[in-house]
Amino acid sequence: MKKVYLGPYNCVSPIGNNLADTWNSLVSGKSGIKLTDFAELHGDVYAAIVEEEQLDQHLNKLLQDTQLPSDAAFSKLEKLMIAALVPLVKAVVITQETELIVSTTKGNIAQCAGGANDIVAASLPVLAQKIADFFGFKRPPIIISNACVSGLQAISTAKRLIQMDYCKDAIIVAGDLVSEFVVSGFKSFQALSNTVCKPYDEFRQGLNLGEAAAAIHVTGQKLTDQEFFIAGEASINDANHISGPSRTGEGLRLSIASALAEAKLEPKSVDFICAHGTATIYNDEMEAVAIHHSGLATKPINSLKGYFGHTLGTAGLIESIISLECLRNNVLLPSLGYQKQGTSLPLAVVTELLEQPQPLIRCLKTASGFAGTNTAVLFERELR
Amino acid sequence: MEQHYQISRHCRIDTQGVYVNGEQISAAISSDFATFSKAFYYSLETTYPKFFKMDNLSKLAWLGAELLLKEEKTKNIGIVLSNRHSSLDTDLKHLNTIADKEQYYPSPAIFVYTLPNVCMGEIAIRHNLQTENIFFVSAQFDSQLAVNYCNYLLNSSRVEKVLCGWVDYMEGNYKLVLYLVEKTGIVAHNLNVVRQLTQ
């Protein structure tokens, strides 16, 4: 099978308008999670929200340096996606063979006001086509909406499309917002933490929602500055429960096993794991079981939810991008919010910024979500 | 990518009725989905109380999968589904529960169905399919993508068969087309056939 490479990539988050700023915030231990204005209806809701005025300023500046139109009206989600994409589109030539893949769970649902226009306002195909047209993509976009694994599964899907000669390369963009829609829903599920989240910790009590966008170029042709490739991947369902994570973690375990098998690698070859780690009781417990059964219990593991919150359709992609930066910089980021073991089986949770003496080569990224979805992708760095 | 596959079984559910392998097995009972889905569920003579908790999209997907997988032996079947309206029909129901600050009653029973892939999860649970799955959203069924993606899953031996198709529900309008792709079957698995089945 054809080897599929990754890069360049970018993100826009509450802790940085681009990858470099976001990375600098991460290594200085900064979190984007704050007390929000949802308090009136929901009490103390902590979430990681992108300041819209700042986003507008950043986007205007970005567009000034391009041939792209700067007068179109965009929703906040579209602005986030465009701001994530502009630096990539400058670096990559979009051809007839370049696919646009859009990852989102709720798209523009925040634009729905309960009126006749809601069907168009919330339409995912309309959103994706708008992004495709703005940047001049020549093929119809592909939209992945498979709950919280969407962003990570978009990477494995791009790889598969390239391997099956469906396209030569793909640009993925992922985005989701913190809206009244999701806050009220997760609150009704009693899944929200009323403090900053604590993935894998004994006192974890739920997740924080977050918003961000991320973008990455995936290609079958190695360019000189690309050092990462996808060694293996899989997305296997729990077939257990539509909202509750499986107690056995079997879908995640199978996904990890299948990704390792494709890479023809043993668990010992994994240098670190960037897991889903939402900080709900059941998700983190499920992951701990799956990681133990995968023979990966001693591997350094983190969750980036303490920095970004749970960014839903963006989560798998933005966390992958940051994990690639960890590989590139030989640094392990601490799992913010973790103090003491909170899962029935112990995990080697990273608690401080660790600069590695030996080069980091492989990162296993996992994600899990509603309806029993799981994805595992093994990223590998080619040493020069 | 030389291996060729076949479609072993296909079905269609829309306001005109229910069809399996092109033959109508049930005339349009009612164009009202609530009436139709309930009557058709009972006609299947099976017991699955969770059916009544599902939203309309999941009920539609569940009924379609029942037609194709009821007598299926293998559990090694991947699922590749797509639709146009995502979960918007149920999204609007959730929005209704939060529209009025005086009468604010978001419900986990509704919210859980505000993702399109939950209907796929319902199929996986019902038929115990711990397998590869993905949900795409597109304005029309993307036959090219579906054919390629199913071939990939089969060629790479990730699964033995693939349940593929379209399941869309929006404000009373509904359409489902599902087909099972495997090594042997009744019709070739290619772009023309898939286009015909799903149009």
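Computed from a predicted structure; not experimentally measured. Proteins come first, then strands; the chains are lettered A, B, ... in the order of their sequence lines, and each starts at number 1. Hydrogens, waters and symmetry mates are skipped; everything else that's a heavy atom, side chains included, is used.
With rounding to the nearest 0.5 Å, the separation of CZ in B:F136 from CG in A:L124 is 14.0 Å. Rounding to the nearest 0.5 Å gives a distance of 4.0 Å between CG of A:N146 and CE of B:M120. For the atom pair SG of A:C112 and NE2 of B:H94, the computed distance is 11.5 Å after rounding to the nearest 0.5 Å. With values rounded to the nearest 0.5 angstrom, B:E132 atom CD is found 7.0 Å from A:S255 atom OG. Within the model, atoms OG of A:S184 and CG of B:L95 stand 8.0 Å from one another, a figure rounded to the nearest 0.5 Å.
The candidate from B:V112, B:V118, B:N96, B:I98 with the greatest count of non-hydrogen atom pairs under 4.5 Å with chain A is B:V112. Each of A:V102, A:T157, A:L161 has some count of heavy-atom pairs under 4.5 Å with chain B, and the biggest count is that of A:T157. Ranking B:T97, B:D142, B:T131, B:I123 against chain A, the residue ahead of the rest is B:T131, based on heavy-atom pairs under 4.5 Å.
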| said: Working note: B:L88 + A:I119, criterion side chain to side chain contact (heavy atoms under 4.5 Å, CB included); need CA distance, chi angles, decisive distance, verdict. | reply: CA-CA 7 Å; B:L88 189 54; A:I119 295 180; 4.2 Å; yes
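Contact annotation for A:E233: both backbone and side-chain heavy atoms come within less than 4.5 Å of a heavy atom of chain B. If you measure heavy-atom distances from A:S123 to chain B, you find no contacts under 4.5 Å at all. With a threshold of 4.5 angstrom between heavy atoms, B:S107 approaches chain A through N, CA, C or O but not through any side-chain atom. Heavy atoms of B:R126 lying under 4.5 Å from chain A are absent altogether. With a 4.5 Å cut-off on non-hydrogen atoms, B:Q144 touches chain A through its backbone and its side chain both. For a residue to count as touching a neighbouring chain, one of its non-hydrogen atoms must lie under 4.5 Å from one of that chain's; by this rule B:A99 does not touch chain A. For B:D91, the parts sitting under 4.5 Å from any heavy atom of chain A are the backbone and the side chain alike. Heavy-atom distances place the side chain of A:K106, and not its backbone, under 4.5 Å from chain B. B:Y104 touches chain A through its side chain: at least one heavy atom from C-beta onward sits under 4.5 Å away, while N, CA, C and O do not. Proximity to chain A (any heavy atom under 4.5 Å) is restricted, for B:L129, to the backbone atoms N, CA, C and O. Of the atoms belonging to B:T114, heavy atoms from both backbone and side chain fall under 4.5 Å from chain A. Looking at A:E40, only its side chain comes within 4.5 Å of chain B, counting heavy atoms on both sides. Looking at A:D118, both its backbone and its side chain come within 4.5 Å of chain B, counting heavy atoms on both sides. There is no contact between B:Y105 and chain A, counting heavy-atom distances below 4.5 Å.
At least one side-chain heavy atom of A:R160 sits less than 4.5 Å from a side-chain heavy atom of B:L153. Side chains of B:F111 and A:S243 form no contact here, defined as non-hydrogen atoms less than 4.5 Å apart. Residues A:I142 and B:S138 form no side-chain contact, since every pair of their non-hydrogen atoms from C-beta on lies 4.5 Å or further apart. At a threshold of 4.5 Å between non-hydrogen side-chain atoms, the residues A:T373 and B:N133 count as touching. Between A:I144 and B:F135 there is no side-chain heavy-atom pair separated by less than 4.5 Å.
Minimum interatomic distance between A:T105 and B:L115 (heavy atoms only, all atoms of both residues): CB-CD2, 3.8 Å. Pairing each heavy atom of A:N237 with each of B:A124, the nearest pair is OD1-CB, 3.7 Å. The heavy-atom pair separating A:I242 from B:G121 by the smallest distance is CG2-C, 4.4 Å. When all heavy atoms are compared, the tightest approach of B:Y152 to A:M164 is CB-CE, 3.5 Å. Taking every heavy atom of both residues into account, B:P108 and A:S188 meet most closely at N-OG, 3.5 Å.
In this structure a side-chain-to-backbone donor-acceptor pair under 3.5 Å is present from B:N117 to A:F370.
Taking 4.0 Å as the cut-off between side-chain N and carboxylate O, A:E262 and B:R158 count as a salt-bridged pair.
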